[in-house]
Enquirer: 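Here you go, one structure.
As the structure lists them, so they are numbered: ligands from 1, and atoms in each ligand from 1. Here the structure is a predicted model, which is why all the values come from computation and not from measurement.
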Amino acid sequence: MDAIRFQAKFVVESSTRILHPGQVVVRHGRVAATTESTRERPDVDLGESVLLPSLINAHTHLELSDLRFPLPAGDSFPAWIAAVVTHRRDRQAAFEAAATDSLAAETRAAEDPYASIIQRGLHECFRSGTGLLADIVAQPWQADWLDAFHPDTDGQPGFQNDSAEPPANVPTAAWQQHLGMLAHPQIIPMPELVGLQPDRLRASCDWAEETLSSPRSAMLDSYGISPHAPYSLQLAPIQATLARIPKSTLVAMHIAESRDELQWLEHGTGAFRETFERLGIPIPNVRPSIAECLELLASQRRSLVIHGNYLSSKQIEQISRTPSQSVVYCPRTHAHFSHSPYPLQTLMAAGIRVVLGTDSRASNPDLSLWDDVIWARRLHPQVAPSMLLDAVTISAAEALGVARDFGSLEPGKFAYANLLPAQPEWTRENLIEAITASGSNTLRLAPLCLVVGSR
Ligand SMILES: [Zn+2]
């Protein structure tokens, strides 16, 4: 027998199919069957709990996971970007100083300091219920950094942590295979294309193309690519790069994020111009328009418009005509900058697929996507809770082009799942509303794999 049958009070196969009680049969790391019945004896009885699909974070930058607190929003958006650049520069200087310190010679041999920052971010995402994430990566990122990931079972509240023995009737080999396949998140790394100066932009395009052909690992689902933002690049080299890579490569770009960006793109004035002048960056003669950037994204089979805080109605219409294009809303990051209210309902009413991301620790206090769901629920009470759950599960999987494997607990997909302790008043009818409600964030999600792996 190589299948494991889990039973829980509620199994959220998807927002439209809740099993109460439910069983999920897992074989070789994938869902083999689901059933609303307790006729068969489960191998693992999860008791009074809710089993739901792992979350999908459509936008983050793990390379900033060393920040303990978000960087202050500052007087303008370019001021915040300058703070991120300064943080990166100071960090690099500190790493170089440590590398030349002879006393630190032994400790530095083991691990690249950048790799350990990525690991820290991965642990934070995985522990808080994210099974798949699209991560914007920049030099010196390397695919083999992912191989060092080991699940960390500390701090899982509400569940027993007795031993890692397999349950009775489950062969050790099947148990270990289950844990081995699912005890880490999956990642879509998206190398970043950035640079106002032609040399710098060309170097980042070359590095990105090289990265796309670097070896895969068990944690790497596929590669994407990310032209940074309309104010930080020129379109022609990006178009040339996209023409050379497969059309199936997911592409993401920060677009219409701040008012400062709109002022720069439309008039060439404002805080961006002042920042470029202060830093001695030559002022570009040509500035791409948002419409051109949206068109560029539409040239790939799947694309993400990151943020879109200030999209015009014409641009919203342009996106709605491109079903392969999705918008990523980062609720707590949006709040960090005190932007105008997010046009979530307008986008959804236009038929646009809106999914959620955390963005980085430079603008969010942590990388728990579930906290962003709860935040969004509080700010947008008119939006159906099931749509917010979809925005971090099935819709996110569709946006990233991975719905065959992720986004629900339907048979055939990976059995990445989370557990949440069930409350007595929860019913099939009020479940999604209850778990996404304000205040529910005290009920932490825990990845099924970590919970059963440490029993
Ligand atoms: Zn971002």
Enquirer: What pairs meet the ring pair (Phe, Tyr, Trp, His ring centres under 6.0 Å) rule with one or both residues in residues 183-227, with sequence neighbours excluded?
Expert: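 Matches after skipping sequence neighbours: none remain.
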
Enquirer: Would a distance-only check, ignoring hydrogens and angles, find a side-chain to backbone donor-acceptor pair under 3.5 Å from T333 to T358?
Expert: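 Indeed, once roles are kept as given, a pair shorter than 3.5 Å links the two residues.
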
Enquirer: For H339 together with Y310, are the ring centres under 6.0 Å from each other?
Expert: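 Yes, the ring centres sit under 6.0 Å apart.
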
Enquirer: Ignoring hydrogens and geometry, is there a side-chain-to-backbone donor-acceptor pair from R361 to L64 under 3.5 Å?
Expert: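 No, R361 side chain to L64 backbone: no donor-acceptor pair under 3.5 Å.
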
Enquirer: Check which protein N, O or S atoms are less than 2.8 Å from the Zn ion (ligand 1) and report how many there are.
Expert: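 Every protein N, O or S atom under 2.8 Å from the Zn ion (ligand 1) counted, the figure is 4.
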
Enquirer: Side chain of D359, backbone of N364: donor and acceptor closer than 3.5 Å?
Expert: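 Between the backbone of N364 and the side chain of D359 there is no qualifying donor-acceptor contact (under 3.5 Å).
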
Enquirer: Can any side-chain N or O of Q300 pair as donor or acceptor with the backbone N or O of P246 at less than 3.5 Å?
Expert: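 Indeed, once roles are kept as given, a pair shorter than 3.5 Å links the two residues.
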
